[in-house]
Amino acid sequence: MNIGVPREIKPGEQRIALTPAGARALTEAGHRVVVEQGAGAGSGIRDEEYTAVGAGLAAVDEVWRRADLVLKVKEPLAPEVARLRDGQVLFTYLHLAPAPELTRALRDSDVIAVAYETVQRPDGSLPLLTPMSEVAGRLAVQEGAFYLGRAHGGRGILLGGVPGVPPGNVAVIGAGTVGLNAVRMAVGLGADVSILDVNPDRLRAVDDLYHGRVVTIMSNAFNLQAVVRRADLLIGAVLITGARAPVLVTSAMVATMKEGAVIVDVAVDQGGSVETIKPTTLLDPTYVVSGVVHYGVANMPALVPRTSTFALANATLPYVLDLANRGPREAVRANPALARGVNVWRGRVVHPAVASSLGETPAALDAVA
Ligand SMILES: NC(=O)c1ccc[n+]([C@@H]2O[C@H](COP(=O)([O-])OP(=O)(O)OC[C@H]3O[C@@H](n4cnc5c(N)ncnc54)[C@H](O)[C@@H]3O)[C@@H](O)[C@H]2O)c1
């Protein structure tokens, strides 16, 4: 199969969909890989690293023209949509539910569009979203620690404390992927760490892992009020799958926080779990409400594109190999997780949530593939 990897053109996007390790695996399996010149630069990967493993380099037109399978990171923008051709397979993050125009464009261009974010294992897990949650969770503590610095608007607290001075308090709301990764970093820094969830099994898992080193607390309004008041760094990490994040921390609770405390609401991409949070960008990540520094970056992994590229590509590669080795029709028949990833199949919208955002009934994949 001809596999094309264009450079991402969405402003600020520095990741690339394939690493040299992936290019090598594909060429060894007998496929032809063509990477757009300079596409890896934002992630610190040089063109020669791709050619060294047998991939070709080409200008953007050539990459799109030749590819049977296009590997990307972000949804295609208008100039990219214009390049799609009949029968091409597009494998990338799509987030189509809130983007009916793009859904129609993909349907009209007769492609097979497979979305990273809807690839789902039978146990319900989302293997191509997890790595970005891992990055964001770890980064939440690193960024929070930075903004606690006095010169960065914070309280002037070193999270680990020093002998004779107590550590800072980190409170994490939500013990999923983001929350557990945040806890891991906060513990590593020597902070005093609490975590809240509504699911006692999640709290049990944390308790087993950290043997009491991390305080686990049932998430409810009463407990949140006390936890929020005490926190130096508050991290929002909740998710209700497919829904807006619940607003758990009210502006009245924020008003009780210490001057210079920091809130990193990772759930801001789903509307946020703190009433006073709004989306910000990496160029201007924070603002202050009630004396509390608010960090609302909706695309945190973009701050560390190199790590994010390798994390994402590690997770996508098995599916890429499946698509390339078996061809799309066989691959989705054999791999139910990949089948859940199919949003549009040659003119038919097959993913239920995406179809309902157009007010349509989804086509059955079995019937159209
Ligand atoms: N800002 C970014 O750059 C970025 C990057 C990656 C992920 N995210 C977002 O981070 C959020 C968390 O993602 P995840 O992968 O950790 O999800 P997850 O499903 O693994 O975990 C969510 C957790 O929230 C818990 N929860 C639900 N309601 C709660 C409540 N009322 N109180 C306490 N906990 C509650 C759930 O029980 C679950 O354990 C999502 O909104 C995701 O989109 C943002």
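Only a predicted model underlies this, so the values are computations on that prediction, with no experimental measurement involved. Note that ligands are numbered from 1 as they come in the structure, with each ligand's atoms numbered from 1 the same way.
- Closest heavy-atom approach to atom 2 (C) of ligand 1 among the candidates G179, A205, A298, S125: A298.
- Distance from atom 44 (C) of ligand 1 to its nearest protein heavy atom, with residue and atom name: V266 O, 3.1 Å.
- The protein atom (non-hydrogen) at minimum distance from atom 11 (C) of ligand 1 is V238 O, 3.5 Å.
- With atom 37 (O) of ligand 1 as the reference point, the heavy atom nearest to it among N199, V172, T177, D197 is part of D197.
- The closest side-chain donor-acceptor pair between T177 and S133, if any, does not fall under 3.5 angstrom.
- The proximity of V297 to ligand 1, defined as any non-hydrogen pair under 4.0 Å, is limited to the backbone.
- For atom 22 (C) of ligand 1, the nearest non-hydrogen atom of the protein is L239 N, 3.4 Å.
- Closest to atom 8 (N) of ligand 1 among all protein heavy atoms lies D269 OD2, 3.6 Å.
- Here R46 pairs with E49 in a salt bridge; the nearest charged N to carboxylate O distance falls below 4.0 Å.
- Salt-bridge check for R65 with D61: failed, with every basic side-chain N at 4.0 Å or more from each acidic carboxylate O.
- Of the charged side-chain nitrogens involved, none lies within less than 4.0 Å of a carboxylate oxygen, so that K10 and E8 do not count as a salt-bridged pair.
- Within the 4.0 Å heavy-atom shell around ligand 1 one does not find A245.
- In this structure, Y147 and Y295 have tilted ring planes: the angle between them lies in the 30° to 60° band.
- Cluster note: L77 groups with I9 through ILVMFWY side-chain heavy atoms spaced under 4.5 Å, whether in direct contact or through intervening members.
- E80 has no carboxylate O lying under 4.0 Å from a charged side-chain N of R83, or vice versa, which leaves the two without a salt bridge.
- In this structure, the protein non-hydrogen atom closest to atom 33 (C) of ligand 1 is S219 OG, 3.3 Å.
- Taking atom 7 (C) of ligand 1 as the reference point, the nearest protein heavy-atom neighbour is S133 OG, 3.5 Å.
- Atom 41 (O) of ligand 1 has as its closest protein heavy atom Q270 CG, 3.1 Å.
- Looking from atom 29 (C) of ligand 1 to the surrounding protein, the closest heavy atom is V198 CG2, 3.6 Å.
- In this structure, D207 does not pair ionically with R204, as no charged nitrogen and carboxylate oxygen lie closer than 4.0 Å.
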